[in-house]
Number of protein chains: 2
Amino acid sequence: MTTPHEGADPDSPEGRGGAAAAIPAAPPGGGRGALDRRRVLGAAIAFIDQEGLNALTMRRLGAYLGVEAMALYRYVPGRENLLDGVVESVIDELYGDPDVHLSASHGWQDYLQRLAHGVRRIALAHPEVFPLVASRPPAAPWVRPPLRSLRWVESFLTALIDSGFTEEAAVAAYRAYSSFLLGHLLLEVSQKGVKISPEDQPEGVPATAAATDLSEYPTVVRLESLLSLDESAAEFEEALENLLERLEIVLAEGRTPRRGDRRR
Amino acid sequence: MTTPHEGADPDSPEGRGGAAAAIPAAPPGGGRGALDRRRVLGAAIAFIDQEGLNALTMRRLGAYLGVEAMALYRYVPGRENLLDGVVESVIDELYGDPDVHLSASHGWQDYLQRLAHGVRRIALAHPEVFPLVASRPPAAPWVRPPLRSLRWVESFLTALIDSGFTEEAAVAAYRAYSSFLLGHLLLEVSQKGVKISPEDQPEGVPATAAATDLSEYPTVVRLESLLSLDESAAEFEEALENLLERLEIVLAEGRTPRRGDRRR
DNA sequence: CCCGGCGATTTACCTTGTAAACAACCTTTC
DNA sequence: GAAAGGTTGTTTACAAGGTAAATCGCCGGG
């Protein structure tokens with residue numbers, strides 16, 4: 001039953017060779033060798049992955065590394081910066097993913113597909129970290145999560161423009177693509193997270209306590225099993241393909257978005 | 001110049017009669033009359049709106065209400081619960097919005113359009129609060145932000161089912177709709193927020209300091225003006241219409257999503 | 001053998017969330 | 001009108017947590 005059905009989710013951590021796990025994240029006391037920024041960030045990611053974001057404090061992260069909290073300040077200016085570094089590191093795993101390319105050498109659809117799945121892999125590999133990617137303010141307003149680095153924005157835009165998109169269409173595509181990725185992945189990840197994480201409530205809820213009178217919501221009750229189904233992978237694919245189709249039309253028509261409005 | 005161009009964004013706070021501002025949020029020392037939960041939550045929202053989420057502490061909120069921090073604990077079990085209450089209150093503004101209906105009396109497209117714009121109005125009215133809506137764990141995994149209340153889920157599902165959607169299609173639509181709303185609004189709101197909020201840096205950046213060598217990203221530089229354009233309203237409308245079209249096809253074909261394809 | 005400096009620790013301080021005891025006031029009841 | 005009790009806000013107190021500053025141990029070079 002561990003294998004969902006026909007094909008396991010190719011983006012799930014167990015479902016592949018771990019290409020998205022660039023930083024092996026040395027075990028707690030393991031590193032002994034000198035600390036350095038990369039190690040601190042790696043430990044922070046590992047720590048968040050296993051303990052949750054709320055559990056991350058400077059003191060605990062220090063302990064996790066077998067060191068006092070203040071030692072971390074030699075490599076990280078402060079907590080905020082640590083979190084920024086975590087976000088950056090996690091997104092940087094994209095560079096280590098052999099299935100994601102920086103340029104659209106096999107067509108822009110292939111490029112966008114691979115990029116989307118690469119990001120999804122990261123999100124699923126670090127469900128506790130991903131919300132940070134969304135909530136940390138980006139460098140510039142037009143660097144949108146989850147593609148938070150200039151390098152990827154550059155890559156994205158040139159890939160589309162080189163494939164024939166107008167500049168306006170490429171920018172519009174970038175926005176639509178970001179929204180799509182962020183919305184889907186944030187919901188998928190939070191859904192997964194709820195299954196266990198939220199302040200573990202050990203006492204088995206007596207099946208009547210938590211539910212606040214469902215009698216008012218008959219449809220919800222009736223569809224509960226449907227609602228509880230996890231079709232994330234299929235939905236992601238579906239929405240992604242729809243987006244690509246939409247972009248294909250834009251490309252074919254060679255105009256900005258849709259709509260024939262003269263812009264002043 | 002305050003009026004963008006031809007038509008102002010109908011969802012922006014200035015752009016309408018304030019239908020989305022259900023809680024007037026009495027000014028700081030104003031209320032003097034007894035505190036109560038509603039007042040505390042209203043103050044919290046007002047406080048976050050003007051000071052930002054990070055600035056909210058029990059002590060400061062107390063001061064804002066002209067009261068000691070501990071007084072708040074009579075009406076709110078603790079900080080976490082306060083935030084939950086804030087989220088709930090903000091979403092509840094939907095009930096006070098005369099342009100949003102609970103049932104699809106004018107067709108499901110009309111229903112979804114109004115609902116989407118209602119949520120967008122809330123997001124734009126409370127840009128600092130909205131991220132909370134996304135990040136706070138929902139009651140059940142299938143209650144997805146930003147439609148965080150059972151009542152709206154019920155409303156959504158029955159609206160679609162009554163309009164002829166199969167149960168599966170209605171649930172799929174619910175998921176797609178949530179993702180769309182969350183992705184778009186989160187990005188729109190964070191983009192707006194960045195313009196001022198992030199730990200105001202008073203010293204005028206000398207125009208060369210912050211920018212980390214843009215020479216590597218020629219396309220980004222070239223398209224900067226395009227990237228900085230704020231076309232949120234149009235993009236939202238565009239994506240929403242696309243979603244509705246997609247649903248229309250699903251409805252017409254009377255099948256779940258698409259997929260007749262076995263993949264690979 | 002002494003020394004300067006790096007890397008980590010110790011101390012210390014301030015902010016926050018929150019428990020507990022307390023005070024002030026309003027209402028009820030005889 | 002006074003005693004009893006409840007409601008509402010305050011005071012005090014403490015445990016985290018972030019982080020500045022001083023300190024200590026160690027090590028290679030003079």
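A, B, ... follow the sequence lines: proteins, then strands. Residue 1 opens every chain. These numbers come from the heavy atoms of this one structure, side chains and all, not from hydrogens, waters or symmetry mates.
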Can you tell if the side chain of A:Val133 reaches within under 4.5 Å of the side chain of A:Leu182, non-hydrogen atoms only?
no

CG of B:Asp36 versus C1' of D:dG9: gap in Å, rounded?
15 Å

Tell me, please, which residues at least two apart from A:Arg120 pass salt bridge (charged side-chain N to carboxylate O under 4.0 Å, His left out).
A:Asp9, A:Asp11, A:Glu188

Could you tell me the separation between the CZ atom of A:Arg39 and the P atom of C:dA8, rounded to a whole number of Å?
10 Å

For the pair made of CZ in A:Arg37 and C1' in C:dA8, what is the distance, rounded to whole Å?
19 Å

In whole angstroms, the gap separating P of C:dA8 from CG of A:Leu65 amounts to 10 Å

Step-by-step side-chain contact (heavy atoms from CB on, under 4.5 Å) determination, A:Val100 to A:Tyr95
CA-CA 8 Å; A:Val100 177; A:Tyr95 295 125; over 6 Å; no

Between B:Trp152 and A:Tyr217, is the gap from one ring center to the other below 6.0 Å?
no

Let me know the distance between CZ of B:Arg74 and P of C:dA23, rounded to the nearest Å.
14 Å

note: B:Glu68, atom CD; C:dA19, atom C1'; distance rounded to Å ~ 16 Å

Beyond-backbone contact of A:Ile48 with A:His126, side-chain heavy atoms, under 4.5 angstrom:
no

Length of the line joining B:Tyr75:OH and C:dT18:P, which is rounded to integer Å:
18 Å

Rounded to whole Å, the CG-P distance (A:Leu35 to C:dC6) equals 17 Å

Using the 3.5 Å cut-off, write out each protein N or O paired with an N or O of nucleotides 14-19 of chain D and the distance between them.
residue, atom, partner, partner atom, Å
D:dG17, OP1, A:Arg60, NH2, 3.2
D:dG17, N7, A:Arg59, NH2, 2.6
D:dG18, OP1, A:Arg79, NE, 2.8
D:dG18, OP2, A:Met58, N, 2.7
D:dG18, N7, A:Arg59, NH2, 3.1
D:dG18, O6, A:Arg59, NH2, 2.9
D:dT19, OP2, A:Tyr73, OH, 2.6
D:dT19, OP2, A:Arg79, N, 2.9
D:dT19, O5', A:Tyr73, OH, 3.3
D:dT19, O4, A:Arg59, NH1, 3.1

Tabulate below the donor-acceptor pairs under 3.5 Å that side-chain atoms of residues 65-80 of chain A make, not counting sequence neighbours, or state none.
residue, atom, partner, partner atom, Å
A:Arg79, NH2, A:Leu56, O, 3.0
A:Glu80, OE1, A:Arg136, NH2, 3.3

